[in-house]
Trainee: 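Got a structure for you, written out below as structure tokens; questions coming shortly.
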There are 2 protein chains.
Amino acid sequence: MTNTGRPPSRPVQLDEVSKAIIEQLQADGRRSYADIGKAVGLSEAAVRQRVQKLTESGVMQIVAVTDPMQLGFTRQAMIGVRASGDTREVAARLAEIPEIDYVVLTAGSFDVLAEVVCEDDAQLMALLNERVRSIPGVQSTESFVYLKLQKQFYNWGTVRNREP
Amino acid sequence: MTNTGRPPSRPVQLDEVSKAIIEQLQADGRRSYADIGKAVGLSEAAVRQRVQKLTESGVMQIVAVTDPMQLGFTRQAMIGVRASGDTREVAARLAEIPEIDYVVLTAGSFDVLAEVVCEDDAQLMALLNERVRSIPGVQSTESFVYLKLQKQFYNWGTVRNREP
DNA sequence: AGTGAAACGACCGTAGA
DNA sequence: TCTACGGTCGTTTCACT
């Protein structure tokens, strides 16, 4: 169930049919295997076997996603963090914050990038000052407040953590 | 089907039961309504009605997500873009690039943030120089290569575009 | 790996509290 | 908005290719 995480010994090669199946499920994760079969030219059983293989091998996952905007989280931002010491610890601390839904360690002029989802500016400001900048090792932060999301396509990486 | 996008006239208030249903579907988007009903203490029909309402109103979506690592896309990076002129046009151009899965217009020292998913450094470099930095209006870019994804939780924003 | 068929279980519409 | 129930369709298993 849980994916091992890291590095693919050898990348999984998908044929056109599997890609088509994934596309169907990207449009609607609950589409029936029978419908998908009709769309890609395969029997229901064959589709189901492929989907099972894709999910069990950890290549694909079918999940619910929610719209933060409609739930009242109207303020989003990316926070760039510069840190001293072990940046993994800083990242782990950031990941503990429920309002932060995305944390990645990076090479570049930031050590960590974190995306926050807040209800308003006040919550964002409080979060930044009270819970982000107070983490030991955090030297400075830079915030990029979202104005408009232009494109979003779902991938997932090596870790999939629920909020703590 | 398509969500209107933007600003919630009034945020949707979810009760504990709906939150529990969403949690079930975040763990497994194909879990049956009957199973979910057992978990949250509701009949199958009631669960189905709530899920239908959540999806039709655009609060929730059930989709397949894939793991770029396992598919051979081992290089990911966030690109910060500084641009002159209309940043919306730059964002639109970035969104046309298939390897870019995430584009957001921001207020801050970058005008646009874009996440790229590449197979290797060579592809990333070519992408940056040939297709990003060549976009009219792009003044400078800064790249943050991903070392480790620490946390990821799925939300979706105002736009959900498939690759062009 | 894929197909086909039969048993089972999930899903859907409707009726009623 | 929930439960109850019957009809329909999807899913599962298995034998076969």
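Naming convention: chains lettered A, B, ... in sequence-line order (proteins, then strands); numbering from 1 in each chain. Quick note: numbers below take in every heavy atom, side chains included, and nothing from hydrogens, waters or symmetry partners. The shown structure was predicted, so the numbers you read here are calculated from the model rather than taken from an experiment.
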Trainee: Which ILVMFWY residues are connected to B:Leu147, directly or by a chain of links, through side-chain heavy atoms under 4.5 Å apart?
Mentor: A:Leu105

Trainee: Please determine, by modelled atom types, if A:Gln61 and B:Tyr154 share a side-chain donor-acceptor pair under 3.5 angstrom.
Mentor: no

Trainee: If you measure from CZ on B:Arg82 to CZ on B:Phe110, what distance do you get to the nearest 0.5 Å?
Mentor: 4.5 Å

Trainee: Grab the CD-P distance between A:Glu44 and D:dT13 for me, whole Å please.
Mentor: 14 Å

Trainee: Looking at D:dT11, D:dT1, C:dT3, which one has an atom nearest to any side-chain atom of A:Ser43?
Mentor: C:dT3

Trainee: Rounded to whole Å, please give me the gap between CD in B:Gln52 and C1' in C:dT14.
Mentor: 14 Å

Trainee: Please check if the side chain of B:Gln150 supplies one atom and the backbone of A:Ala95 the other of a donor-acceptor pair under 3.5 Å.
Mentor: no

Trainee: If I take atom OH in residue B:Tyr33 and atom P in nucleotide D:dA4, what distance separates them, rounded to the nearest angstrom?
Mentor: 20 Å

Trainee: At 10 degrees resolution, what angle do the end axes of the helix from C:dA1-D:dT17 to C:dA17-D:dT1 form when each is taken over five base pairs?
Mentor: 40°

Trainee: Rounded to whole angstrom units, what separation is found between the CZ atom of B:Arg31 and the C1' atom of D:dG10?
Mentor: 19 Å

Trainee: For the backbone of B:Ile97 and the side chain of A:Lys151, can you confirm whether one donor and one acceptor N or O come within less than 3.5 Å of each other?
Mentor: yes

Trainee: Taking CZ in A:Arg131 as the centre, count heavy atoms belonging to other residues, nucleotides or ligands within less than 6.0 Å. Is the count above 12?
Mentor: yes

Trainee: Looking only at the side chain of A:Lys53 (C-beta and beyond, no hydrogens), which of the listed nucleotides C:dA1, C:dT3, D:dA4 gets closest?
Mentor: C:dA1

Trainee: Of all the nucleotides listed (C:dT3, D:dG10, D:dT3), which has the minimum atom distance to the side chain of A:Ser32?
Mentor: D:dG10

Trainee: In whole Å, what is the span from the CG atom of B:Leu42 to the P atom of D:dC2?
Mentor: 5 Å

Trainee: Have a look at A:Arg48 and say if it touches a base, only the backbone sugar-phosphate, or nothing, with a 4.0 Å heavy-atom cut-off.
Mentor: base

Trainee: CG of A:Asp35 versus C1' of C:dC11: gap in Å, rounded?
Mentor: 13 Å

Trainee: Could you please name the option among D:dT12, C:dG2, C:dC12 that lies closest to any side-chain atom of A:Ala46?
Mentor: C:dG2

Trainee: Atom CG of A:Asp28 and atom P of D:dG10: how far apart are they, to the nearest Å?
Mentor: 13 Å

Trainee: Give A:Arg30 one of three labels, base, sugar-phosphate or nothing, depending on what nucleic acid heavy atoms sit under 4.0 Å from its own.
Mentor: sugar-phosphate

Trainee: Output the single nucleotide from D:dT11, C:dG2, C:dC12 whose closest atom is nearest the side chain of A:Arg50.
Mentor: C:dG2

Trainee: Examine distances only and state if a side-chain atom of A:Gln24 and a backbone atom of A:Arg31 form a donor-acceptor pair shorter than 3.5 Å.
Mentor: no

Trainee: Expressed in angstrom and rounded to an integer, what is the separation of B:Lys38 atom NZ from C:dC11 atom P?
Mentor: 11 Å

Trainee: Report the nucleotide, chosen from D:dT11, C:dG13, C:dT3, that has the shortest atom-to-atom distance to any side-chain atom of A:Gln49.
Mentor: C:dT3

